[in-house]
Amino acid sequence: MPKNSKVTQRAQSHEHVTESVADLLAHEEPLDHKSSSLNVGEAAGKKVPQIELPENDGRPAWNNKMEYILAQVGFSVGLGNVWRFPYLCQKNGGGAYLVPYFILLLIIGIPLFFLELAVGQKIRRGSIGVWNYVCPRLGGIGMSSLMVCGFVGLYYNVIIGWSIFYFFQSFQYPLPWSECPFRKNGTIAIVEPECDKSSATTYFWYRQTLNTTSTIAESGGLNVKMTLSLFVGWIIVCLAVIKGIASSGKVMYFSSLFPYVVLFCFLVRGLMLKGSVDGIAHMFTPKLEKMLEPQVWREAATQVFFALGLGFGGVIAFSSYNKIDNNCHFDAVLVSFINFFTSILATLVVFAVLGFKANLMNEKCVAENAEKILGYLNSDVLSHDLIPPHVNFTHLTTSDYAELYGIIKAVKEGGFAQLGLEPCVLEDELNKAVQGTGLAFIAFTEAMTHFPASPFWSVMFFFMLINLGLGSMIGTMTGITTPILDAYKVQRELLTVGCCIVAFLCGLLFVQRSGNYFVTMFDDYSAGLPLTIVVILENLSVAWIYGTKRFMQDLEDMLGFRPCMIYFYLWKYVSPFCLIVLISATVIEMTISPPGYNAWVQELAREQFQSYPPWALAMCFALIVVAMLPLPIVFIARHFNLMSDGSNKLSVSYRKTMMKDISNLEEQDESRFILSAKAGGPPSSVPAHKSYLTPGKNKPLDPNSLSPHSCYGTSYQNAAISPTTPTTPTTPVTPECDS
């Protein structure tokens, strides 16, 4: 109620009320009797004020639901689905890994994804504005989220740059990584020793693509090819997001759908290859004993967490452009399951192709060792009597070789090691776990060299990686630009171009010859722990500070139905507990694991683990500290009123809604005051209605509990101030922190 209304003046004075109802009404503006709260007949059946949809708050909106769903799918389905999930599935028990992953998707992934979609859609602001509204003291959540987005975007686009380089290199036949190059030694051409010791694809990756140094301390200068690829990558990202969702929404039609076309093509082609079924069978053969290991559950929780893009701000930013009555619960379930099935599809493709590669490697192993055995037979090191009569060295099968290997090992017990024979077991080839860049740029590329029309499949594969990365980068950039545009009147195009230029200049760190090691550092330290802390604070601020009951009521007002009560318990108890366990496990893992990286040693032509030097170690911990620094700074600053609570950045739609709702409540208060006032007696200072600010509660709001240090600052009060109302200093009106 406005501070200068007559009823308020009388309520705050110590004078007795002696004027009649008619006298009071004589000084008020004429009211429509049908809409007035004084119409007792209609007021009796009047419903609690509901959220009204603003006609136009000036905020951009998605053209249609398909654009929005594709944007969320494009952001959540990224490179990790292709090269991280299959590796974890293989490492943690094959098909058995899917059980803890699916359970954690249901109790952590979907509820928290739903939570982020709901708060973004409700408040219609980016990450900073959302958490400033929910609890100003925890407004640093949004700033930390933005910092993590920045760190991840810097190195993520470098990976897109690598894919762009391989994409253009694929327009050759034969593929440049299919054979080792030759080096001239006088008049003799010899195979490059580094390539001969490793493999053609490994050599092309480390030497001809990255031209990497042997340690992180050796800068080696800029890699010109990678610098140009990074520049092209940032141009593509800039063009995709320069017009906001107006441009990125159109891009998502292709970048989100094209990877599925490629994956299905690879699956069909892969199933036609020899040995593909062996790879898929190996992948999904469950090792049930693995389910009892805590490490499996920790890695499953981490993968669920990052697969959906929780905490980055992109999910909130995308949902903030939705209509306020959009069914975000359906969206959360749909996108989560699309993400899950995409991971399974990618796993099928990867292990169908790796099964084919494993068979090729196994046959090569058998052929090489058969030549060794023939040499030993010709030199009488081995007796011809050891060879079974059915064994044909011209067409030696893997089963015949396994039998022959077992016989020789049994006969030559003492001197078997000197023979240098290998077992050549297919299972051993399939157990060679590869992930990340090792899977995409080495193992998978090597397998594709054996495909018929290999350049075509290579072009398709790396174009798919570019689109997967682009979808994630669009969400990351939206998570950065949306909060800034919400807070400041900046031209979107200038902000986008400026961010891309700054990011490219910072990204030069990753295109040095030692840049690959910095990509590993940022991937390990810039996002993991800070993002987990961001998400648990998001969960706690909604469930325990804003109040789960209030949040459920908000959802009912938005969606038109009340979500299942299981969400109440998941948000309030299960998810916070799981996240606390995950944070503890992450800290323990970081403590017991020596911080380091796998360096490519040119002389040995293989990777070797090296510890970070002191300056690099300091850089690792600086990434964690800088990402989390806004949390305590904002909390302290707002606790001591050193900075505003951000309520002046509340969305226009929320201001309109709150003004309408509070106006309705003031009318109810005023009518009740007038009708119940007795001559000579002071009116009740506490309204009898149930406060809008605490839906679901039966107790009225205690005026004495309102203080400028309450958890919500002055957001509601500022939202409700009419432009014509004098802005005289008032005591901040804040809701109590219910749960």
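Here, residue 1 is the first one in the sequence, and each next residue gets the next number.
Between R513 and E218, no side-chain nitrogen of the basic residue sits less than 4.0 Å from a carboxylate oxygen of the acidic one, so the salt-bridge criterion is not met.
Among residues two or more places apart in sequence or in another chain, the side-chain contact (heavy atoms from CB on, under 4.5 Å) test is passed with K372 by N369, Y376, L421. Residues satisfying the side-chain contact (heavy atoms from CB on, under 4.5 Å) criterion with I442, sequence neighbours excluded, are T201, T202, W205, Y206. Residues passing the ring-ring contact (aromatic ring centres under 6.0 Å, His included) test with F258 are F254, F463, sequence neighbours excluded. Listed by chain and residue number, nothing satisfies the side chain to side chain donor-acceptor pair (under 3.5 Å) test with D196 (two or more places apart in sequence, or in another chain). Applying the side-chain contact (heavy atoms from CB on, under 4.5 Å) criterion to L222, with sequence neighbours excluded, gives T227, L508, V511, Q512. Remark: P286 pairs with A96, L288 by the side-chain contact (heavy atoms from CB on, under 4.5 Å) rule, at least two apart or across chains.
Side-chain atoms of S458 do not come within 3.5 Å of backbone N or O of S454 as any donor-acceptor pair. Remark: the backbone N or O of C365 is not paired with any side-chain donor or acceptor of E368 at under 3.5 angstrom. Side-chain N or O atoms of T449 include one that pairs as donor or acceptor with a backbone N or O of E446 at under 3.5 Å. Of the possible polar contacts, none joining the D524 side chain to the M521 backbone as a donor-acceptor pair under 3.5 Å is found. The backbone N or O of I159 sits less than 3.5 Å from a side-chain atom of S163, completing a donor-acceptor pair. Not a single donor-acceptor pair under 3.5 Å links the side chain of S248 to the backbone N or O of V241. A donor-acceptor pair under 3.5 Å is absent between the side-chain atoms of N157 and the main chain of G153, judged by distance alone. In this structure a side-chain-to-backbone donor-acceptor pair under 3.5 Å is present from N339 to A307. No side-chain donor-acceptor contact under 3.5 Å links S76 to the backbone of G309. In this structure, the side chain of S611 does not engage the main chain of G596 through any donor-acceptor pair within 3.5 Å.
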- Take Y203 and C180 through the test side-chain contact (heavy atoms from CB on, under 4.5 Å) and record every step on the way to the result. CA-CA 8 Å; Y203 175 81; C180 284; 5.5 Å; no
- Query: Going through the distances and angles, do F518 and Y597 end up as a side-chain contact (heavy atoms from CB on, under 4.5 Å)?
  - Reply: CA-CA 9 Å; F518 288 99; Y597 61 102; over 6 Å; no
- Query: Yes or no on ring pair (Phe, Tyr, Trp, His ring centres under 6.0 Å) for F340 and Y101, after CA distance, side-chain angles and deciding distance?
  - Reply: CA-CA 9 Å; F340 177 61; Y101 184 89; 5.6 Å; yes
- Task: Take S526 and Y155 through the test side-chain hydrogen bond (donor to acceptor under 3.5 Å, both in side chains) and record every step on the way to the result.
- Result: CA-CA 10 Å; S526 68; Y155 76 84; 5.0 Å; no
- Message: Between V519 and W162, does the side-chain contact (heavy atoms from CB on, under 4.5 Å) criterion hold? Intermediate values first, please.
- Response: CA-CA 12 Å; V519 170; W162 295 340; 4.1 Å; yes
- Item | Derivation of the side-chain contact (heavy atoms from CB on, under 4.5 Å) call for L308 and S336 | CA-CA 7 Å; L308 294 174; S336 298; 3.9 Å; yes
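Looking at heavy atoms from C-beta onward, M252 lies in side-chain contact with I474 at the 4.5 angstrom threshold. Between I190 and F182 the shortest side-chain heavy-atom distance does not fall below 4.5 Å. Put simply, the side chain of T342 does not reach to within 4.5 Å of the side chain of V82, judged on heavy atoms.
More than 12 heavy atoms of other residues, nucleotides or ligands sit less than 6.0 Å from atom CD1 of I592. Annotation: K274, atom NZ; neighbour count of heavy atoms from other residues, nucleotides and ligands within 6.0 Å does not exceed 12. The number of heavy atoms from other shown groups lying within 6.0 Å of CZ (F264) does not exceed 12.
A donor-acceptor contact closer than 3.5 angstrom is absent between the side chains of Y517 and T215. Q172 and W177 are not linked by any side-chain donor-acceptor pair at a separation below 3.5 angstrom, with hydrogens and angles left out of the test. A donor-acceptor contact closer than 3.5 angstrom links the side chains of D400 and T397.
Here the options are R298, E299, K290, K287, the test is side-chain hydrogen bond (donor to acceptor under 3.5 Å, both in side chains), and the partner is N92; only E299 passes.
W615 contributes atom CH2, which lies 7.0 Å from atom CE of M619 (distance to the nearest 0.5 angstrom). For the atom pair CZ of F85 and OG of S343, the computed distance is 5.0 Å after rounding to the nearest 0.5 Å. Distance check: L79 CG to M464 CE gives 8.5 Å after rounding to the nearest 0.5 Å. Annotation: the span from L426 atom CG to M361 atom CE amounts to 12.0 Å, rounded to 0.5 Å.
Relative ring orientation between F75 and F312 is described as perpendicular, the plane-to-plane angle rising above 60° on a 0-90° scale split at 30° and 60°. Ring orientation note: the planes of F451 and W457 are nearly perpendicular, at an angle over 60° on the 30°/60° scale. Taking the six-membered ring where tryptophan is involved, the planes of F522 and F510 are perpendicular, since the angle between them exceeds 60° and thus also 30°. Aromatic ring orientation, F204 versus Y166: perpendicular (interplanar angle above 60°, classes split at 30° and 60°).
For the cysteine pair C500 and C238, the distance separating the two SG atoms is not below 2.5 Å.
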